[in-house]
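Worksheet for the structure shown next.
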Amino acid sequence: MSALTTGDRVTHPNQQEWGLGKVLSATPDNLDVFFVGAGRKRLSRSFIKLEKAEGAASKHRLLDNLLETSQIVSDNFVTIPMAIERFMAKYPNGFEDADYIKSVREANMRGQKMCTQLLGQDELSRLIADGDFNAVCDRARHVESSTNLLTKSERKVLHEALELPACQKLFSLALVELLYGTESEEARFKHFLRTLGILELNKWPFATLFSFIRHPQQSAFIKPTAIQNAAKALCWRINYKPEPNWKTYDAVARLYSYVRTNLLEEGLMPRDLIDVQAFIWSVAQK
């Protein structure tokens, strides 16, 4: 144990339920370690003999994406099992719970259905080919209104921006590229952000709403306060910046993927990222 140093992956021989850990800092007398099943622990080198993990046994997605050491607060850490217990206390039947479906899922599914009908690839391409950018923006407003993802003030800003003829063409072309373009997801996202910047709509909810509604199996929706609180509780590093950017979005997408995998392993069976998002947002709620 004396050779252990910052960054090493370890296990506690007498606390197997703590799972894999990462050494956050080391002194001659003590080790500051974060364990995926127990959070941050300060251990004496004299009394505890941790075992170093190497190779495949040292791999863990949370430890690979862990918050900066200065941001980790032990008392605030929420393990996935703890989060599941909290979610199930509110929705005993999990993602099949009638209250969950009515209060959370229905609105998003309504938006997804409307988006498929009004802003499907063929329909959107036809409107753009006809130069009917006003119709595209009118449909985008209807799709957004069918969900409960934006606040009233956010909705007002978006709808007013899409009423301006000078903005409609820019938004329409960027939207079709975001949803159905052939470039990489990163390239399409960055292009959409550039357009939003021109339209003075460069905020996280606007940047992620339409891709989330249209492609809920793969695209994440970001509400700044909710995702920051949840990521902090889960100790996941999302590199958050107020201005939308690919680095933060990619980190959030990895968090969604990590949580989704854990939920599947626990038998909760999320259908898509609508379910995963609802679960993640519940993590930060006291």
Thinking salt bridges, do [X] and [Y] make one under a 4.0 Å N-O criterion?
X	Y	answer
D64	K22	no
E106	R110	no
E96	R271	yes
R141	D138	yes
D130	R126	yes
D8	K52	yes

Could you report the tightest heavy-atom contact between [X] and [Y], atom names first, then the distance?
X	Y	answer
V176	S125	CG2-OG, 4.3 Å
T6	S25	OG1-CA, 3.5 Å
A166	L170	O-CD1, 4.2 Å
A251	N239	CB-ND2, 3.9 Å
V104	A278	CG1-CB, 3.7 Å
A207	L196	CA-CD1, 3.5 Å

### Task
Could you tell me whether K223 sits above the aromatic face of W281, with NZ or CZ closer than 6.0 angstrom to the six-membered ring centre and within 45 degrees of the axis?
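No, cation not above the ring by the 6.0 Å, 45° rule.
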### Query
How far apart are the C-alpha atoms of L164 and L199, what are their side-chain angles, what is the distance that settles it, and do they pass the side chain to side chain contact (heavy atoms under 4.5 Å, CB included) test?
CA-CA 10 Å; L164 301 174; L199 302 179; over 6 Å; no
Determine whether more than 12 heavy atoms belonging to other residues, nucleotides or ligands lie under 6.0 Å from atom [atom1] of [X].
X	atom1	answer
K203	NZ	no
Q71	CD	yes
M82	CE	yes

Would you find a donor on one side and an acceptor on the other, under 3.5 Å apart, between the side chain of [X] and the backbone of [Y]?
X	Y	value
S103	D99	yes
H191	L178	no
S219	P216	no
Q16	H12	yes
S58	R9	no
E154	L150	no

Determine whether [X] and [Y] fall in the same hydrophobic cluster, where Ile, Leu, Val, Met, Phe, Trp and Tyr are linked whenever their side-chain heavy atoms lie under 4.5 Å apart.
X	Y	value
I101	M88	yes
V73	V36	no
I80	L264	no
W204	W246	yes
I198	L209	yes

### Message
Taking the ring centre of each residue, are Y240 and Y249 less than 6.0 Å apart?
### Response
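Ring-ring flag for Y240/Y249: false, centres at least 6.0 Å apart.
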Is it true that the side chains of [X] and [Y] contain a donor and an acceptor less than 3.5 Å apart?
X	Y	answer
D275	Y100	yes
Y180	R188	no
N30	R45	no
N245	T248	yes

### Message
Apply side chain to side chain contact (heavy atoms under 4.5 Å, CB included) to residues R155 and E144 and explain how you reach the verdict.
### Response
CA-CA 8 Å; R155 175 171 294 165; E144 183 284 317; 2.9 Å; yes
### Query
Should P224 and P205 count as side-chain neighbours, where that means a heavy-atom distance under 4.5 Å?
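P224 reaches P205 side chain to side chain.
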### Query
Are any non-hydrogen side-chain atoms of S172 and L127 less than 4.5 angstrom apart?
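In short, these two side chains do not touch, never coming nearer than 4.5 Å.
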### Message
Which residue in the set T261, L263, N262 passes side chain to side chain contact (heavy atoms under 4.5 Å, CB included) when paired with V259?
### Response
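Going through the options one by one, the only one that passes is L263.
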Could you tell me the separation between the [atom1] atom of [X] and the [atom2] atom of [Y], rounded to the nearest 0.5 Å?
X	Y	atom1	atom2	answer
I238	D250	CD1	CG	12.0 Å
L43	K49	CG	NZ	12.0 Å
R260	M269	CZ	CE	10.0 Å
I274	F95	CD1	CZ	11.5 Å
R237	L234	CZ	CG	14.0 Å
F221	Y256	CZ	OH	8.5 Å

#### Entry: Test log, rule side chain to side chain contact (heavy atoms under 4.5 Å, CB included), inputs Q168 and V136
CA-CA 8 Å; Q168 291 174 349; V136 172; over 6 Å; no
### Task
Name all pairs fulfilling the ring pair (Phe, Tyr, Trp, His ring centres under 6.0 Å) condition that reach into residues 122-171, sequence neighbours left out, sorted by first residue then second.
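Applying ring pair (Phe, Tyr, Trp, His ring centres under 6.0 Å) to every pair that reaches into residues 122-171, excluding sequence neighbours, yields F171-F210.
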### Message
One pair to check against side-chain hydrogen bond (donor to acceptor under 3.5 Å, both in side chains): R40 and T69. What are the steps and the verdict?
### Response
CA-CA 10 Å; R40 193 170 186 170; T69 299; 5.5 Å; no
### Task
May I ask you to decide if the ring planes of H60 and Y258 are parallel, tilted or perpendicular, using 30° and 60° as cut-offs?
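Judged by the thresholds at 30° and 60°, the geometry between H60 and Y258 is perpendicular.
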### Message
Set out, in order, the CA-CA distance, both residues' side-chain angles and the distance that settles side chain to side chain contact (heavy atoms under 4.5 Å, CB included) for T11 and L50, then state yes or no.
### Response
CA-CA 6 Å; T11 58; L50 299 183; over 6 Å; no
### Message
Set out, in order, the CA-CA distance, both residues' side-chain angles and the distance that settles side-chain hydrogen bond (donor to acceptor under 3.5 Å, both in side chains) for Q217 and D272, then state yes or no.
### Response
CA-CA 5 Å; Q217 286 291 342; D272 48 34; 4.5 Å; no
